[in-house]
Number of protein chains: 2
Amino acid sequence: MEDKRITKRLNLKGVAEKLGVSTATVSNAFNRPDQLSKNLREKILSEASRLGYHGPNLAARSLRRGRSDVIGVMLSDSLTYSFSDPMANQMLQGISEVLMEYNKQLLLFYEGKDNTAQSSAESLPDGFIFYGSSNLETFKRIVALGKPCVTIDYVQDKIPSVGIDDRSAAKKIAMHAISQVNHGTVAILGMKLVVSDRVCRLTQDDLDEKSVEISRQRLLGYFDAVTENDLTIPPESIWSVPFNTEKYAKIAAKEAFSSSLHPNIILCMSDVIALAAISTAQSMGLNVPKDVIIVGFDDISEAKHASPSLTTVCQQNAQKGKVAAKMLLENNLTNCILETKLVVRQSSSPTN
Amino acid sequence: MEDKRITKRLNLKGVAEKLGVSTATVSNAFNRPDQLSKNLREKILSEASRLGYHGPNLAARSLRRGRSDVIGVMLSDSLTYSFSDPMANQMLQGISEVLMEYNKQLLLFYEGKDNTAQSSAESLPDGFIFYGSSNLETFKRIVALGKPCVTIDYVQDKIPSVGIDDRSAAKKIAMHAISQVNHGTVAILGMKLVVSDRVCRLTQDDLDEKSVEISRQRLLGYFDAVTENDLTIPPESIWSVPFNTEKYAKIAAKEAFSSSLHPNIILCMSDVIALAAISTAQSMGLNVPKDVIIVGFDDISEAKHASPSLTTVCQQNAQKGKVAAKMLLENNLTNCILETKLVVRQSSSPTN
DNA sequence: ACAAAAAACTTAAATGATTCAGTAAAAATT
DNA sequence: AATTTTTACTGAATCATTTAAGTTTTTTGT
């Protein structure tokens, strides 16, 4: 029962004692100005500050109040990876803008590959935002806490989500790409189409495999466009990239270009992949867009500056975060589908 | 005294009662496996999980323990802005890698322009990392909490910091740039050289103004190189960019190129500024590097892919975060200066 | 078989703040 | 002046957990 702390931390009670008032009054000075006289309040605040007491302790406060004014953000892949992902950054930017406005704090959670270990910290936030496909176990555990949750780019029954219509956006850009050439031979570079840590060329069976939902939707959208143009995409012309990074995308792109397929249209499920594909094509002596059209998805900032600049689907990432945070804080939990826009640039314009 | 919660949250006590054991035993099951028999521990954990109890509440735990296993990161500019800053991202990536390893959580704090409001959440973290020049009031308040603190790219007396030798790195790249042309006319685009929200062309008085320390150091480094080459830089050839964004950098670059100065060397204090300067130069009909050499600082990922690719100083941002986090967690609080490397690319090679 | 040691478990104080209910004093109303 | 209302403040229960110290049970050693 002994206290290991060397110097006892100054607390509200200490301040109250110094001033000869009750703890309730000091607490009210910080939280409910209408509960005490203006004079006393000012005296308390200035004395507290002089003593080095900078306001109530969050742990104690949130224990008693049952809320913390902290919002938890669960990043699907390891945080490590997410911070280098331009999409996640923009989304976090949106969230933080809103949190700042509401004077809330942001607690980040990350899932490692096999790390679904629960952290005591999960009990702190008043609500959660999930970004991207979370580990289902973690997701369920947190939802079971009964706090408001919103997902971004991740659809789960009964949980409000913010996202885009991936299927129709994918169809839109595929339609455009196909319209740019006479005889299209399409290859697809997709994200996490199969469960694997390596780049995979798909087989028939893989089409039924459980993949990340947004990738599945985009794939369906591509198929819609292909079908409508009387083309076909055999599974062998689809590659699954395990992580949205340049490194893996280049491996996949190289395979695609060296294969007997000789594609002249590459549909990429992200800009990171598309940019890597462009650079791979160029290093293999192919001209983009004359020899091969390459399109992306996301419209990250590099897309505009690349050469050739990248045709892609613009989605409002920051807006996603904003909307999700607002939904949570205003307790307005209804699904939201944001608009997307086809952005045509050089990488799909062979005739110029 | 009444409980406003609708359904009382399941707690450790509840689990203990269901199992007919003491709360201490349940607590030990979660925290100190050696304090109870293996059988009972397994029984407790499985029953707890079955009941939907997912481990101790952070608020209560950290109140009692006096620590939270949460690390606070204070971002100098608003978080909003930091998330779009590639430098901050890499740094956060480094921090998070280490925190993940140590199973700690990350609580983000942000300072708005005039928002130095203290948040109750400041009392939670076991330690703080400051990134970049913080508001001094906030900084002092948090340091006064007596918890371990580390700064990154921000030097304050008695507080251990992680950074680079800005002055010598700046000198190094300036020496290189100057050596590439016969008669150098230098302009400098720097960050926050004066206190202002607008782009400013400096005057003599401004040189003594309080600017951000790392900018001041870089400026001194540029001066070192200029002096050593028997050149001069009047204050009128220096522009201060208020935020490290493309928008403001372009304004400054445009001013620099339209001025009667006609610089053929632009020393930029960040890659974001340098890339904006390149694009501005090109839109004004100037060839980089033939008409004007432009160099940056930081080596962000776009630097390599730009055309022309950007000569810059590579600094290990992720490493900064890693080192800072390790210092904090291993309680090894000593200053650390990381190495930098001059990366010569096309933007400073007029002869190729 | 008995004492000593080790293991297993419990009791209860402590952590720092919030807030309901109550009291006393001051102000307003009749 | 008496009564009511309002304001200003206090007392004490409560939030969920940890952990030192104490108690009981089991194991070990001789």
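The figures here come from the full heavy-atom set of this structure, side chains too, leaving out hydrogens, waters and symmetry mates. Reminder, nothing fancy here: chain letters follow the sequence lines and each chain counts from 1.
Contact check, B:Arg64 against C:dA14: no side-chain N or O comes under 4.0 Å of OP1 or OP2. For A:Thr25, a side-chain nitrogen or oxygen approaches OP1 or OP2 of D:dT10 to under 4.0 Å. At the phosphate of D:dA8, neither OP1 nor OP2 sits under 4.0 Å from any side-chain N or O atom of A:Ser37. The phosphate of C:dG16 has neither OP1 nor OP2 within less than 4.0 Å of any side-chain N or O from A:Asn57. For A:Asn31 and C:dT19, the shortest distance from a side-chain N or O to OP1 or OP2 is not below 4.0 Å.
For A:Val21, taking side-chain heavy atoms from C-beta onward, the closest of the listed nucleotides C:dA17, D:dT10, C:dG16 is D:dT10. Picking from C:dT11, D:dT10, D:dA16 the nucleotide with the shortest atom distance to the side chain of B:Asn11 gives D:dA16. When the nucleotides D:dT18, D:dA16, D:dA12 are ranked by their closest atom to the side chain of B:Arg65, D:dT18 comes out on top. Closest to the side chain of B:Arg32, out of C:dG16, D:dA20, D:dT17, is D:dA20. You'll find that the side chain of B:Ser22 is closest to C:dT11, out of D:dC9, C:dT11, D:dT17. Minimum atom distance to the side chain of A:Ser27 is reached by C:dT18, of the listed C:dA17, C:dA12, C:dT18. Considering only side-chain atoms of A:Ala60, the nucleotide from D:dA12, C:dA17, C:dT10 that sits closest is C:dA17.
Note on B:Phe30: nothing from the nucleic acid sits closer than 4.0 angstrom, heavy atoms only.
Side-chain contact between B:Glu213 and B:Tyr154 is absent, with no heavy-atom pair separated by less than 4.5 Å.
You'll find the ring centres of B:Phe30 and B:Tyr53 inside the 6.0 Å limit.
A:Asp126 places a side-chain N or O within donor-acceptor distance of the main-chain N or O of A:Asp69, the cut-off being under 3.5 Å. Looking only at distances, a side-chain donor or acceptor of A:Asn335 sits under 3.5 Å from a matching main-chain atom of A:Ser161.
Where B:Arg61 and A:Lys38 meet DNA chain D, the nucleotide closest to each residue was compared, and A:Lys38 sits on the side nearer the 5' end.
A salt bridge between B:Glu47 and B:Lys18 is absent, with no side-chain N of the basic residue lying under 4.0 Å from a carboxylate O of the acidic one.
Counting to the nearest Å, the P atom of D:dC15 and the CG atom of B:Leu58 are 19 Å from each other.
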